[in-house]
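Since this is a predicted model, take the numbers as computed values, not measurements. Chain letters run A, B, ... following the sequence lines, proteins first and then strands; every chain starts at 1.
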2 protein chains.
Amino acid sequence: MAVSEATAKRRVTATDVAAVAGVSRATVGFVLNRTRGQTISEGTRERVLEAALRLGYRPNSAAQALASGRSRIVLFVLPDWPVEYSFRIYLDEASRVLDEAGYSLVTYTRRPHGETRPLWELLTPDSVFGFTSFSPDEIASMRGCGIRRIFPDPARQEPLDLSLAVSAGPRLQVEHLYEHGRRQLAYAAFADPLPSSLVQARHDAARERAHSLDLPPVDIRYIDYRDGSADDAVRAWHGAGVTGVVAFNDDVAAAVVSAAIRIGIRIPDDLAVIGHDDSPIATMFVPALSTVRFDTATLGRGFAEYAINQTEGRPLPDWRPPVSAILVRREST
Amino acid sequence: MAVSEATAKRRVTATDVAAVAGVSRATVGFVLNRTRGQTISEGTRERVLEAALRLGYRPNSAAQALASGRSRIVLFVLPDWPVEYSFRIYLDEASRVLDEAGYSLVTYTRRPHGETRPLWELLTPDSVFGFTSFSPDEIASMRGCGIRRIFPDPARQEPLDLSLAVSAGPRLQVEHLYEHGRRQLAYAAFADPLPSSLVQARHDAARERAHSLDLPPVDIRYIDYRDGSADDAVRAWHGAGVTGVVAFNDDVAAAVVSAAIRIGIRIPDDLAVIGHDDSPIATMFVPALSTVRFDTATLGRGFAEYAINQTEGRPLPDWRPPVSAILVRREST
DNA sequence: CTGAAAGCGCTTACAG
DNA sequence: CTGAAAGCGCTTACAG
């Protein structure tokens, strides 16, 4: 009666648990946090655990954060553009592994308008990971609220690129077209200005691979599927003798293929097109799109491992993202 | 020198600001929080503001949350299935409006495996909103860590469905096919078990609208674009004289259209197909897909308004989500 | 093996 | 108009 009344009125605290278990508040903390270096008798441990369970005790995380100086939050800042389809699997895996290590992964999409107070100030995460790099202002804001571990951190020349498989996909795309006899290649970029750094990086990788295969220069054009740019690009490429198109992603590949169909260019005979990501559209499109897939679950686990070690201050010197790109051949090549 | 040394060593606190401004810590709080009912002289106000700016003071949110009992976080629990494309715009708008009111919107995707500690226990948000309803266990967990405002809350028979425009889209889809002379309709559902409640709700809305138009019963089939189910469905429908297909979303519509094309059924002459969401695939698909679009920005603002009022304990009695569905006619109908 | 106590950095009545 | 002080619920040396 007294207990249920208290439960209804206010939140159960460690003091309540201590009272029921007949120990001090400190001991409650030691048991529940499995504090290392403390030895607790089995009887005490059981009494505390039992009392905590019975009262439905949930530690107050704000108090924990304030007292310990750690929030057990890992913040992952996503870019302001729609991330590829498979990225959800990546995040799910990363989240699961971090959770096992006692951390929560919170994702945060930067808003175009800029908040009064960015999310990292409100959450004060133990570490912040960015899909792309941070601006000096952002770094200053994070440092200002006590966040010590920021990646990628420009000051440290951090080698890791969290967009991870930047070059593996484009390389595979080029190799695939090459193996099927295509020599004059073009790159279909994404006109949306937001993911421009990723577009740039993928294009660079494709161009370099083409160069190393002694192929002629790769013409790049920016495709916006809402206007006629795909038609223009396909016409221009067709006139210039292009026989293979490397697309930034499956959406762009679909736009190129659909423009070609409308114009009357045969896919893949006249023009082979390869996408990137193996998103649902690649399966459903007619013709189905050849593309490149990643083992995103493994990548997610890899990121989590990296994040945990960085957050706890023991970086893995030789760590590399476990990238594995797989070619998926369908009808467009 | 002394200041920059201190800055480097530890975080700037209200005590530092108070010392520099020559006031008490309480006054710093009053100024920075614009505490109502406190009158602060202009001179003091300016000194505090100036000192805070100069020192780069950021309030410690854990301490604020602990002392005030409010975290200023609104948690939005998303379902475990890929939300429709346009939902990002919805979230962006909602986030922006909440931010203006001093709240941060954190989104959280339930993980299939279940965490050791769900995110609401770690963040202790002031309120939690679910896209779908919560299980009794989840409700208990939230209540246990002191979260008072939960929506939808089964105990209150909360009328609001946060998936919002559940029936408006399907109704419009059916009406569109009806207006173009289609009488024998079918519903193409999404085979993925995860969004089943949404599939069910949309199908119900479509069936009811068809019924109210005196149309014959709507046959429902579950489409998985990774197997042959679309082919089977299209064949069966064709044999049964179906002339119009209402699809759960654009992905499913694309799968149906592509199956029809492969089989040799003409779109839209033999079979009209309408999607839902106006996602990019609807534009890019050949033929381009007719679909239904929502004014998601307005919906997002509407949700934010609702959330702010609920969070601050003054529910709007007559509030309705500002749903406006628009028909987008393309080539598939 | 366990407890008393200081401290984390705020907010908020309460005095003056 | 402003300050001294209690309190939020934890963690963590430090004693014993």
Asks: Over how many whole Å does the gap from B/Gln64 atom CD to D/dC8 atom C1' extend?
Replies: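 It works out to 13 Å between those atoms.
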
Asks: Rounded to whole angstrom units, what separation is found between the CG atom of B/Asn60 and the P atom of D/dG9?
Replies: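 Result: 17 Å.
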
Asks: Base, sugar-phosphate or nothing for B/Ser61? Non-hydrogen atoms, less than 4.0 Å.
Replies: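 B/Ser61: no heavy atom of the nucleic acid under 4.0 Å.
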
Asks: What is the separation between atom CZ on B/Phe30 and atom P on D/dA4, rounded to the nearest whole Å?
Replies: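 So the CZ-P distance, B/Phe30 to D/dA4, works out to 12 Å.
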
Asks: Report the distance from atom CG of A/Asp16 to atom P of D/dC10, rounded to the nearest whole Å.
Replies: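 Result: 9 Å.
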
Asks: DNA chain D: A/Thr15 or B/Thr27, which has the more 5' nearest nucleotide?
Replies: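 Counting from the 5' end, the first nearest nucleotide belongs to B/Thr27.
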
Asks: I want to check something: taking the side chain as every heavy atom from C-beta on, are A/Leu55 and A/Val20 in contact at a cut-off of under 4.5 Å?
Replies: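 Yes, side chains in contact.
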
Asks: Is the shortest side-chain N to carboxylate O distance from B/Arg301 to B/Glu305 below 4.0 Å?
Replies: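 Here B/Arg301 does not pair with B/Glu305 in a salt bridge, since their nearest N and O are not under 4.0 Å apart.
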
Asks: Please check the phosphate of C/dG3 (OP1 and OP2 only) for any side-chain N or O of A/Ser24 closer than 4.0 Å.
Replies: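 For C/dG3, OP1 or OP2 has a side-chain N or O of A/Ser24 closer than 4.0 Å.
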
Asks: Quick one: which of C/dC10, D/dC10, D/dC1 gets closest to the side chain of B/Ser41?
Replies: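 Side chain of B/Ser41 sits closest to D/dC1.
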
Asks: Over all strands shown, is A/Ala26 touching base, sugar-phosphate only, or nothing at heavy-atom distances under 4.0 angstrom?
Replies: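 A/Ala26: base contact, heavy atoms under 4.0 Å.
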
Asks: Does the pair B/Arg45/B/Glu42 count as a salt bridge with the N-to-O cut at 4.0 Å?
Replies: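 Looking at B/Glu42 together with B/Arg45, the answer is yes, because their closest N to O distance falls below 4.0 Å.
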
Asks: Of B/Ile40 and B/Ala67, whose nearest nucleotide on DNA chain D comes first from the 5' end?
Replies: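 Going by which nucleotide is closer to the 5' end, it is B/Ile40.
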
Asks: What's the CG-C1' distance between B/Leu66 and C/dG7, to the nearest Å?
Replies: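 Whole-Å distance recorded here is 12 Å.
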
Asks: May I have the distance from B/Asn33 (atom CG) to C/dT12 (atom C1'), rounded to whole angstrom?
Replies: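 Roughly 11 Å, once rounded to whole Å.
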
Asks: Under a 3.5 Å cut-off for both contacts, is C/dG16 paired Watson-Crick or G-U wobble with anything, and if yes, with which nucleotide?
Replies: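 Looking at the geometry, C/dG16 pairs with D/dC1.
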
Asks: Using the six-membered ring wherever Trp is involved, compare the ring planes of A/Phe129 and A/Phe151 and label them parallel, tilted or perpendicular (cut-offs 30° and 60°).
Replies: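 A/Phe129 vs A/Phe151 ring planes: parallel.
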
Asks: Is a donor from one side chain sitting under 3.5 angstrom from an acceptor on the other, for A/Glu121 and B/Ser61?
Replies: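 The answer is no; no qualifying pair exists.
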
Asks: For A/Glu42 and C/dC1, give me the distance from atom CD to atom P, rounded to whole Å.
Replies: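 Atom CD in A/Glu42 sits about 11 Å away from atom P in C/dC1.
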
Asks: Does A/Thr13 place a side-chain N or O at less than 4.0 Å from the phosphate oxygens OP1/OP2 of D/dC8?
Replies: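 No, outside the criterion.
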
Asks: Considering every strand and a 4.0 Å limit on heavy-atom distances, what is the contact class for B/Thr35: base, sugar-phosphate, or nothing?
Replies: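 If one applies the 4.0 Å heavy-atom cut-off, B/Thr35 turns out to touch nothing in the nucleic acid.
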
Asks: Below the 4.0 Å mark, does C/dC10 have OP1 or OP2 next to a side-chain nitrogen or oxygen of B/Ser68?
Replies: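 For B/Ser68, the contact criterion (side-chain N or O under 4.0 Å from OP1 or OP2 of C/dC10) is not met.
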
Asks: Nearest-Å distance, CG (B/Leu32) to C1' (C/dT11)?
Replies: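 It is 13 Å, rounded to the nearest whole Å.
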
